[in-house]
Amino acid sequence: MLESVTQSMFLSNTMVCDPLMSWTELSGTTKDDYATCDHQKDSYTFWTSIHPEYWSKHNVCEWLQFCCDQYKLDANCISFSRFNINGLQLCNMTQEDFLDAAGIYGEYLYFILQNIRMHGISFFTDAEETKKYILNSCLLPIQDLQNSHLWEFVRDLLLSPEKNGGILEWEDRGQGIFRVVKSEALAKMWGQKKKNDRMTYEKLSRALRYYYKTGILERVDRRLVYKFGKNAHGWQENKI
DNA sequence: AGCGCCTTTCCTGCTT
DNA sequence: AAAGCAGGAAAGGCGC
């Protein structure tokens with residue numbers, strides 16, 4: 001399933017990946033990008049240039065580090081001891097194995113690995129491109145892993161009613177008008193994401209008000225009610 | 001090193 | 001009276 005999904009998505013975007021290009025050509029295009037990365041500068045050019053099947057234990061570790069860096073994953077959620085294995089063993093891990101070893105990131109890491117095996121590392125050097133693919137896939141929402149902006153956090157909470165526990169609700173779905181139902185709960189959740197237990201709705205709302213200036217939000221003259229502006233995206237139905 | 005962006009923190013005054 | 005709103009000011013964090 002994963003293969004067919006990613007393959008079709010992959011082939012549909014010739015800018016990211018020309019199917020005629022070889023794996024080595026693809027990975028070669030990224031070498032320079034990572035030569036500028038001061039973190040593990042020396043090793044990037046090595047592990048990205050070989051197939052995952054041939055990675056050493058060290059390379060596997062570097063790959064995990066790369067994923068954490070690139071997608072802002074919380075390394076504490078990943079059991080690194082479970083990944084003290086070589087590339088061949090890594091490639092033999094099932095999706096369930098990944099879930100066991102990396103919790104909420106398991107499915108995601110599995111997805112990344114399978115795509116690197118198929119298409120090379122360049123597939124994942126552009127976080128924005130990767131995000132598009134994940135959003136179009138049936139994987140867990142990548143915004144949970146990546147998005148750091150407050151308005152995106154709010155948007156994604158609105159888009160996941162099963163997760164927001166009635167904290168936010170749409171007032172007018174079509175116009176992008178929504179209401180903050182539990183203000184302090186929202187602040188607490190935002191604080192959790194930012195690892196800041198001093199967050200309050202008072203402060204969060206100040207940040208929201210700054211969005212009026214940039215057109216991310218529009219003012220609605222009602223208490224606890226906000227509206228997405230013309231510069232907000234991704235909140236409309238049937239539109240990503 | 002420095003700059004810009006996005007908050008975070010704090011504050012005063014105002015409104016509901 | 002309590003909670004929310006409006007923004008100014010300044011500082012922090014982080015990516016480039």
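In what follows, chains are A, B, ... by sequence order, proteins preceding strands, each numbered from 1.
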Under 4.0 Å between a side-chain N/O of A/Tyr212 and OP1 or OP2 of C/dG7, yes or no?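 No.
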
Restricting to ring-ring contact (aromatic ring centres under 6.0 Å, His included), what partner residues turn up for A/Tyr201, sequence neighbours left out?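 In terms of ring-ring contact (aromatic ring centres under 6.0 Å, His included), with neighbours along the sequence ignored, A/Tyr201 is linked to no residue.
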
Whole Å only: how far is the [atom1] atom of [X] from the [atom2] atom of [N]?
X: A/Lys193; N: C/dC14; atom1: NZ; atom2: P; answer: 14 Å
X: A/Lys182; N: C/dG4; atom1: NZ; atom2: P; answer: 14 Å
X: A/Leu217; N: C/dA6; atom1: CG; atom2: P; answer: 11 Å
X: A/Leu186; N: C/dA3; atom1: CG; atom2: C1'; answer: 15 Å
X: A/Glu184; N: C/dA2; atom1: CD; atom2: P; answer: 15 Å
X: A/Lys213; N: B/dG4; atom1: NZ; atom2: C1'; answer: 14 Å

Can you list the residues that meet the side-chain contact (heavy atoms from CB on, under 4.5 Å) rule with [X], with sequence neighbours excluded?
X: A/Ala207; result: A/Leu150
X: A/Asp172; result: A/Gln175, A/Ile177
X: A/Tyr212; result: A/Arg209, A/Leu217, A/Arg219, A/Tyr226
X: A/Leu157; result: A/Phe153, A/Asn164, A/Leu168, A/Leu186, A/Met189

When clusters are formed from ILVMFWY side-chain contacts under 4.5 Å, directly or step by step, what else is grouped with A/Leu99?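 Hydrophobic cluster check, A/Leu99: no partners found.
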
Taking Watson-Crick and G-U wobble pairs with both distances under 3.5 Å, convert DNA chain C into its dot-bracket string, 5' to 3', dots for unpaired and | for cross-strand pairs. .|||||||||||||||

Per-nucleotide protein contact along nucleotides 7-16 of chain B, 5' to 3', at a 4.0 Å heavy-atom cut-off (B base, S sugar-phosphate only, - neither), is BBBB----BB

Under the salt bridge (charged side-chain N to carboxylate O under 4.0 Å, His left out) test, which residues partner A/Lys230, sequence neighbours left out?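 Once residues adjacent in sequence are excluded, A/Lys230 has no partner under the salt bridge (charged side-chain N to carboxylate O under 4.0 Å, His left out) criterion.
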
For the pair A/Phe228 and A/Trp235, name the ring-plane relationship: parallel under 30°, tilted 30 to 60°, perpendicular over 60°.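 Rings of A/Phe228 and A/Trp235: parallel, under 30°.
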
